[in-house]
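Keep in mind that this is a model prediction, so the values were computed, not measured. Residue numbers start from 1 in every chain, and the chains themselves are labelled A, B, ... in the order their sequence lines are given, proteins ahead of strands.
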Protein chains: 2
Amino acid sequence: MTTAAQSARAVAHPDREEIRLEGVLHALSDPMRLLVVRQLASEGAELTCSHFGLPVTKSTCTHHFRVLREAGVIQQIYRGTAKLNALRRDDLDALFPGLLDSVLAAADRQADPLDGA
Amino acid sequence: MTTAAQSARAVAHPDREEIRLEGVLHALSDPMRLLVVRQLASEGAELTCSHFGLPVTKSTCTHHFRVLREAGVIQQIYRGTAKLNALRRDDLDALFPGLLDSVLAAADRQADPLDGA
DNA sequence: ACCGTACTACGAGGTTTATCGTACGAGAGG
DNA sequence: CCTCTCGTACGATAAACCTCGTAGTACGGT
């Protein structure tokens with residue numbers, strides 16, 4: 001049962017050319033996921049899933065992060081028991097120049113109530 | 001010779017400040033609707049529903065146009081038996097600067113890889 | 001070795017969505 | 001008048017989605 005080559009749990013990510021615009025837009029159209037992406041962009045670093053403090057259970061959390069990952073929006077890397085999430089800004093900017101920035105700017109402008117502050 | 005007999009049928013549209021980013025992203029995340037928006041943007045004018053030649057029935061067509069209208073992406077105006085559809089570019093650009101342009105550019109780039117490259 | 005933490009997998013429930021078919025209303029034209 | 005075309009409204013169906021609970025896996029620390 002023990003497989004030696006699994007010291008680092010790997011997660012499948014879509015390649016850059018596999019990222020679809022519709023998938024990205026759909027991933028960003030959910031308030032919860034948009035909030036995650038906004039935090040990821042503002043903090044600009046890798047964050048663990050539990051850092052976001054989302055008002056949902058872990059199962060739902062996993063679901064949303066999977067949608068974001070499969071859409072090519074974020075990258076997930078295991079690190080011990082934690083899993084770090086990072087925005088795939090390079091890929092997104094290369095594929096859809098200006099898209100992420102305008103979405104983030106629009107989200108900021110819209111005064112998201114979940115952000116509080 | 002009816003000198004532009006304005007139709008009495010009016011359709012409800014959301015005001016500019018009622019347009020939500022998530023709604024717009026969701027409306028644009030459907031391939032059918034994205035295609036409509038692209039055609040609307042490229043032709044730059046008001047088009048009837050039947051002009052688009054969508055591979056779906058009229059009922060489905062009505063559904064998609066309603067989603068686009070309620071999201072604030074398009075404007076619909078009756079004119080005789082036809083209904084003209086126009087992009088709400090002014091409102092979208094004012095609310096989410098650069099968003100529509102980057103989405104359209106991304107869609108062009110993705111749908112026509114042979115055209116540009 | 002054991003336990004706690006962090007996340008995943010699987011399945012279920014309830015809602016939304018996309019699609020269609022059919023029936024209907026509004027205008028244009030013979 | 002009648003008919004034709006264009007689009008809407010309503011219902012139905014199948015798929016997708018969001019949420020959750022429970023059970024399980026992987027890793028680190030005591």
Side-chain angles (χ1 to χ4, degrees), chain A residues 1-13 20 22-36 46-71 73-86 114, chain B residues 1-13 20 22-37 46-71 73-86:
Chain A
M1 79 162 190
T2 313
T3 312
Q6 287 183 353
S7 62
R9 282 179 285 176
V11 196
H13 291 77
R20 301 279 307 162
E22 302 92 338
V24 172
L25 293 177
H26 173 246
L28 296 177
S29 71
D30 184 276
M32 200 84 64
R33 295 193 289 261
L34 184 57
L35 180 61
V36 167
E46 298 167 326
L47 300 175
T48 66
C49 294
S50 50
H51 176 275
F52 295 90
L54 298 177
V56 291
T57 64
K58 289 192 171 191
S59 310
T60 307
C61 213
T62 297
H63 160 68
H64 284 307
F65 278 97
R66 168 163 21 190
V67 172
L68 285 172
R69 169 170 48 83
E70 292 181 346
V73 178
I74 66 170
Q75 190 175 11
Q76 295 187 296
I77 302 169
Y78 277 98
R79 180 158 185 172
T81 70
K83 187 149 102 173
L84 299 182
N85 300 278
L114 282 172
Chain B
M1 297 322 165
T2 56
T3 61
Q6 270 61 12
S7 64
R9 282 185 288 180
V11 197
H13 291 78
R20 301 280 307 163
E22 302 90 339
V24 173
L25 293 178
H26 174 246
L28 264 35
S29 71
D30 185 276
M32 202 82 64
R33 294 193 290 260
L34 185 57
L35 181 60
V36 167
V37 171
E46 299 166 324
L47 301 176
T48 65
C49 295
S50 52
H51 176 275
F52 295 90
L54 297 178
V56 290
T57 63
K58 288 185 295 182
S59 311
T60 307
C61 215
T62 297
H63 161 67
H64 284 307
F65 278 98
R66 169 163 23 186
V67 172
L68 285 172
R69 169 169 48 82
E70 291 180 346
V73 179
I74 66 169
Q75 191 175 8
Q76 296 186 295
I77 301 169
Y78 279 98
R79 180 159 185 177
T81 69
K83 188 150 97 173
L84 299 182
N85 301 279

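Residue order along DNA chain D, read from the 5' end via each residue's closest nucleotide, puts Arg66(B) first among Arg66(B) and Arg79(A).
A straight line from NE2 of His51(B) to P of dT5(D) spans 19 Å, rounded to a whole angstrom. Following rounding to the nearest Å, Ile74(B) (CD1) and dG7(D) (P) show an atom-to-atom distance of 12 Å. Rounded to a whole Å, the NZ atom of Lys58(A) is 17 Å from the P atom of dT25(D). As rounded to whole Å, 11 Å separates atom P of dG7(D) from atom CG of Leu54(B). In this structure, Phe52(B) atom CZ and dC6(D) atom P are separated by 15 Å, rounded to whole Å. Look at CD on Gln76(B): it is 13 Å from C1' on dC6(D), rounded to the nearest Å. One interatomic measurement links the two molecules: CG of Leu84(B) to P of dC6(D), which rounds to 14 Å at whole-angstrom precision. If you measure from atom OH of Tyr78(A) to atom P of dC7(C), you get 9 Å, rounded to the nearest angstrom.
Note: Glu46(B) CD to Ile74(B) CD1 = 11.5 Å, rounded to the nearest 0.5 Å. Note that CZ of Phe52(A) and CG of Leu47(A) are 4.5 Å apart. Values are rounded to the nearest 0.5 Å. Remark: His26(A) NE2 to Leu28(A) CG distance equals 10.5 Å, nearest 0.5 Å. For the atom pair Lys58(B) NZ and Ser50(B) OG, the distance stands at 10.0 Å (nearest 0.5 Å).
By the side-chain contact (heavy atoms from CB on, under 4.5 Å) test, Thr60(B) is found to be paired with Val56(B), Thr57(B), His64(B), residues two or more places apart in sequence or in another chain being considered. In this view, Ala82(A) and Thr48(A) satisfy the side-chain contact (heavy atoms from CB on, under 4.5 Å) rule, not counting sequence neighbours. Residues forming a side-chain contact (heavy atoms from CB on, under 4.5 Å) with Arg20(A) (at least two apart in sequence, or on another chain): Glu22(A), Gln110(B). Legend: residues meeting side-chain contact (heavy atoms from CB on, under 4.5 Å) with Arg66(B), ordered by chain and number and at least two apart, are Arg69(B), Glu70(B).
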If you write DNA chain C from 5' to 3' in dot-bracket form, with Watson-Crick or G-U pairs under 3.5 Å, [ ] for crossing pairs and | for pairs with another strand, what do you get?
||||||||||||||||||||||||||||||

If you restrict it to nitrogen or oxygen atoms, what contacts under 3.5 Å exist between nucleotides 17-20 of chain C and the protein, and what is each distance?
residue: dA18(C); atom: OP1; partner: Asp30(B); partner atom: OD2; Å: 3.4
residue: dA18(C); atom: OP1; partner: Arg33(B); partner atom: NH1; Å: 3.3
residue: dA18(C); atom: OP1; partner: Arg33(B); partner atom: NH2; Å: 2.9
residue: dA18(C); atom: OP2; partner: Arg33(B); partner atom: NH1; Å: 3.2
residue: dA18(C); atom: OP2; partner: His63(B); partner atom: NE2; Å: 2.9
residue: dT19(C); atom: OP2; partner: His64(B); partner atom: NE2; Å: 2.2
residue: dC20(C); atom: OP2; partner: Thr57(B); partner atom: N; Å: 2.9
residue: dC20(C); atom: OP2; partner: Thr57(B); partner atom: OG1; Å: 3.4
residue: dC20(C); atom: OP2; partner: Thr60(B); partner atom: OG1; Å: 3.0

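Under a 3.5 Å cut-off, the side chain of Asn85(A) and the backbone N or O of Gln76(A) do not form any donor-acceptor pair.
Here Thr62(A) lies in heavy-atom contact (under 4.0 Å) with a base.
The phosphate of dT5(D) (OP1 or OP2) has no side-chain N or O of Ser50(B) nearer than 4.0 angstrom.
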